[in-house]
Amino acid sequence: MPQSPPITSPSNARLTERLEQQRHRIDGKLTELLPGEDAPPSSIHRAMRYSLFAGGKRLRPALCLETSRMLADQPNPDMESIACTLELVHTYSLIHDDLPALDNDDFRRGKPTCHKVFGEAIAILAGDALLTLAFRVLSTLPESSADVCAALVAELSEAAGTVNGMIGGQVADLEAASESVTEHGLEYIHRSKTAALFRASVVMGGIAERAEPTQLSRLAHFGMTAGLAFQIVDDILDVESSTAALGKTAGKDAAQKKVTYPSFYGVERSRRMAQECLADAKSALDSFGDRAGILRDLADRLVFRTA
Ligand code: IPE
Ligand code: IPE
Ligand code: MG
Ligand code: MG
Ligand code: MG
């Protein structure tokens, strides 16, 4: 059977530069939002900063900022803080995902995992603290109205929660290893554990700019479908890439008998499914016209990536 081409990125220097600028903005705001390393109790503040600044791609905050830019010429002045809350929740989910009781991983973002450096107790608490800080930030946004703050809290807490959200997906992911899983069950895991936070990333950009309900539902479809593609590619990279390139242990899914797209469908079919999701996601942006150019490029980057 002829092999489809590997998932490699068409070079997009404009997007790479833009993501670099966004990363800079996000890292600056995260530095402001986090308690200083020396603030007591310093062990947890060091652990929070260690994981947060270990070198993530910052894709979720970038999606949030770009959604806001697509909708508004004068973005909500709280946009950077809002985008940071996605990174706080994402980094918490990674610290907990790596714990011995979950995936038991030693490397993350090219460094030893939080629990390897700070011990399990502090790693658990650092995750809890990042999650808690995210909601403190959203509930104290200086420039946003109470209804916008409440809607942002609702969207993020749903995406992180147990019903079709990240925690629900993580539970199903753990339980899938010992149960037989259907194709719907597998899609549920990926939509919940990963895609829900991608949905929140773009929907929160929309909420911050007071988008119409029809716009929010198109953004939600875009985020869910692009997020599903992202997790399928994460599974493929776990099979095909290296620990050095990923900054996290490659080959872990097979070693832990995880049910993934490649284990269920094979790599070639998984690649095609990711590309189908990508096309579906981008079609949800049609009504936004040319202003959605960067979001379309970002969606490509979620799929055509090497790390
Ligand atoms: C990793 O997400 C966890 C998944 C949901 C697959 P990323 O690949 O975005 O991780 P960082 O933030 O760049 O480290
Ligand atoms: C985790 O999925 C998704 C999260 C909610 C953190 P994985 O377990 O596949 O993520 P990696 O491969 O460890 O980053
Ligand atoms: Mg996991
Ligand atoms: Mg994992
Ligand atoms: Mg993975």
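We're numbering straight along the sequence, starting at 1. Counting starts at 1 for both ligands and their atoms, in listed order. Keep in mind that the numbers below use all heavy atoms, side chains included, and drop hydrogens, waters and symmetry copies.
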Using the six-membered ring of Y265, assess whether NZ or CZ of R272 lies under 6.0 Å from its centre and within 45 degrees of the ring axis.
no
Option passing salt bridge (charged side-chain N to carboxylate O under 4.0 Å, His left out) with K248 (candidates D97, D103, D234)
D234
Polar contact flag for D98 and ligand 2 (N/O pairs, less than 3.5 Å):
no
Which residue in the set C84, S144, C64 passes side-chain contact (heavy atoms from CB on, under 4.5 Å) when paired with M79?
C64
Testing E66, H24, R301, R58 for side-chain contact (heavy atoms from CB on, under 4.5 Å) with L19, which one passes?
R301
Taking all heavy atoms of N76 and all of A208, pick out the closest pair and write down the distance.
ND2-O, 3.2 Å
Counting only heavy atoms, which portion of Q170 has something under 4.0 Å from ligand 2: side chain, backbone, both, or neither?
side chain
Just to be sure I read this right, does ligand 2 sit under 4.0 Å from the backbone of D173, its side chain, both, or neither, counting only heavy atoms?
neither
Thinking salt bridges, do [X] and [Y] make one under a 4.0 Å N-O criterion?
X	Y	result
D297	R14	yes
D300	K282	yes
D238	K252	no
E268	R271	yes

Once rounded to the nearest 0.5 Å, what's the spacing between atom CD1 of I167 and atom NE2 of H96?
9.0 Å
Distance (rounded to the nearest 0.5 Å) between D38 CG and H45 NE2
10.5 Å
Anything protein N/O/S under 2.8 Å from the Mg ion (ligand 5)? Just list residue and atom, please.
D234 OD2
Kindly tell me which protein residues have any non-hydrogen atom under 4.0 angstrom away from an atom of ligand 1, grouped by chain and ordered by number?
G56, K57, R60, H90, L94, R109, T194, F230, Q231, D234, K248
